[in-house]
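Step one of this worksheet: look at the structure below.
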Amino acid sequence: MRSNLRRSGILGTGSSLPEKVMTNYDLEKIVDTSHDWIVSRTGIHSRRIADENIATSDLSTEAAKQALERANIKAEQLDLIIVATVTPDMLFPSTACLVQSNLGAKNAAAFDLEAACSGFLYSVAIADQFIRTGVYNYVLVIGAETLSKIMNWKDRNTCILFGDGAGAVVLGPTEEERGIMSTYLGADGNGGKFLSMPGGGSRNPASIQSIEQDLHYIHMEGNEVFKFAVRIMAEAAEKALDLCGLGVDDINYLVPHQANTRIITSAAKRLKLHMDKVYVNLDVYGNMSAASVPVALDEALMNGKIKKGDNVVLVAFGGGLTWGSCVIKW
Ligand code: UT7
């Protein structure tokens with residue numbers, strides 16, 4: 001059970017998506033695939049692709065500015081910036097430090113967090129700890145990716161799935177009985193090999209050989225990730241509910257990681273949750289890894305799907321393998 005500390009909540013959200021749309025028909029021209037296959041196996045129709053000169057910090061900064069404005073918080077009031085990403089601008093300095101500079105958030109500490117598609121939920125859990133214990137008041141959490149930059153456009157197993165984008169939230173203390181009710185995180189490093197980018201780190205530093213072996217691209221065993229995802233999405237959602245004394249019947253809205261419609265519908269079925277209560281936008285954006293949950297949350301709020309007083313569950317799974325979930329009373 002949670003100790004009786006003050007509560008944190010989301011004060012504002014924002015998102016940023018590149019303008020360029022890549023459809024399945026565009027992909028048909030570059031790999032051996034078809035619109036019908038992609039739609040029937042994944043639910044994806046299109047995805048956004050960042051221009052060559054746009055990096056993760058650019059999308060992050062735009063999303064952050066929107067979230068700050070909606071939260072009515074100035075950049076100087078931020079105590080901490082966390083950027084969840086597997087596609088940082090560079091290995092260091094962190095993308096969070098680049099964003100801190102872009103925003104002029106001179107009083108904020110800043111770091112990147114890498115938990116693949118679960119990164120946003122890992123970051124929210126950290127922000128929640130800092131705020132609840134009173135160490136910090138305002139934390140900016142961003143999930144942002146430019147996955148197109150690490151995509152092997154010759155690999156039809158991966159390149160049809162992913163897209164670029166950023167979502168941001170500003171968290172702060174809440175006075176009412178609302179906000180983050182529970183967070184739950186998990187990992188299984190034994191499954192790390194199923195989803196990875198092997199090149200560019202200390203194991204396989206960049207070299208002519210690493211490039212020739214395609215090590216700087218996403219590698220994935222889709223079937224393995226699929227099986228894991230279907231199980232863990234439902235389990236993680238149930239665990240977060242359990243931690244705050246709620247059950248599936250109390251869910252007003254579920255915002256899941258947007259990887260595959262079949263994964264989302266199977267998870268909803270396991271939870272016995274009607275799809276009317278589940279937000280899906282992967283048809284237009286594909287899988288944006290750490291950005292997918294915050295962008296979906298931002299859209300669900302802007303579309304009026306989430307209302308004050310709702311119990312909202314966020315849940316994600318990803319490389320690592322990792323997973324995370326949280327319950328928020330809106
Ligand atoms: O954020 C986490 C990231 N990752 C995921 O969430 C991935 C989870 N996994 C999945 O979503 C699915 O496993 C995929 C969408 C990646 C693949 O769907 P699948 O139903 O598991 O297909 P499969 O890999 O079993 O392939 C079925 C067939 C194969 O052909 P054969 O061997 O039956 O002749 C593949 O070669 O489909 C073929 N195939 C394709 N055909 C057209 C695989 N990719 C494609 C493609 N276009 N893009």
Side-chain angles (χ1 to χ4, degrees), residues 22-47 84-87 113-122 143-148 150-167 185-189 191-198 217-236 255-268 279-283 285-296 314-325:
M22 182 184 266
T23 66
N24 295 343
Y25 298 108
D26 296 326
L27 281 164
E28 280 181 2
K29 294 178 197 144
I30 54 176
V31 278
D32 180 15
T33 191
S34 69
H35 171 76
D36 291 347
W37 190 95
I38 300 172
V39 171
S40 67
R41 305 313 290 164
T42 71
I44 300 167
H45 290 241
S46 63
R47 66 289 290 143
T85 187
V86 293
T87 47
L113 185 143
E114 200 280 272
C117 308
S118 317
F120 176 75
L121 282 163
Y122 267 65
E145 304 287 5
T146 45
L147 294 164
S148 60
I150 57 165
M151 202 54 57
N152 181 353
W153 294 104
K154 292 185 187 134
D155 178 10
R156 68 178 185 172
N157 292 306
T158 53
C159 76
I160 56 134
L161 294 173
F162 298 99
D164 301 337
L185 306 175
D188 176 9
K193 55 186 177 291
F194 298 138
L195 189 51
S196 66
M197 188 180 93
Y217 295 131
I218 294 181
H219 291 248
M220 187 179 73
E221 289 183 39
N223 287 324
E224 294 294 340
V225 179
F226 192 96
K227 280 185 278 178
F228 152 73
V230 166
R231 176 179 57 81
I232 210 68
M233 288 268 268
E235 271 180 34
V255 181
H257 173 46
Q258 307 283 317
N260 186 318
T261 315
R262 289 187 295 139
I263 294 173
I264 294 175
T265 49
S266 310
Y279 198 75
V280 177
N281 65 3
L282 65 86
D283 50 331
Y285 302 134
N287 178 347
M288 298 185 288
S289 188
S292 94
V293 170
V295 169
L314 312 181
V315 61
F317 66 90
L321 298 169
T322 55
W323 56 91
S325 53

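Atoms within a ligand are numbered from 1 in the order they appear, just like the ligands themselves.
In this structure, the side chains of Asn287 and Gln258 stay at 4.5 Å or more apart for every pair of heavy atoms. Contact annotation: the side chain of Val86 approaches that of Leu147 to within less than 4.5 Å [non-hydrogen atoms, C-beta and beyond].
Looking only at atom types and distance, the side chain of His219 has no donor-acceptor partner in the side chain of Ser196 under 3.5 Å away. Between Ser289 and Glu145, the side chains place a donor N or O and an acceptor N or O closer than 3.5 Å (distance only, hydrogens not considered). In this structure, a donor-acceptor pair under 3.5 Å is present between the side chains of Asp164 and Ser148.
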Give a table of atom pairs where an N or O of ligand 1 lies under 3.5 Å from a protein N or O.
from     : atom 1 : to     : atom 2 : distance (Å)
ligand 1 : 1 (O)  : His257 : NE2    : 2.9
ligand 1 : 1 (O)  : Asn287 : ND2    : 2.8
ligand 1 : 9 (N)  : Gly222 : O      : 3.0
ligand 1 : 11 (O) : Asn260 : ND2    : 2.7
ligand 1 : 13 (O) : Gly222 : O      : 3.3
ligand 1 : 20 (O) : Arg41  : NE     : 3.0
ligand 1 : 20 (O) : Arg41  : NH2    : 2.8
ligand 1 : 20 (O) : Arg262 : NH2    : 3.0
ligand 1 : 21 (O) : Asn223 : OD1    : 2.7
ligand 1 : 25 (O) : Asn223 : OD1    : 3.4
ligand 1 : 36 (O) : Arg156 : NH2    : 2.8
ligand 1 : 37 (O) : Trp37  : NE1    : 3.3
ligand 1 : 41 (N) : Trp37  : NE1    : 3.4
ligand 1 : 41 (N) : Arg156 : NH1    : 3.4
ligand 1 : 47 (N) : Thr33  : OG1    : 2.7
ligand 1 : 48 (N) : Thr33  : OG1    : 3.1
ligand 1 : 48 (N) : Arg156 : O      : 3.0

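Within the model, atoms CE of Met197 and CE of Met220 stand 15.5 Å from one another, a figure rounded to the nearest 0.5 Å.
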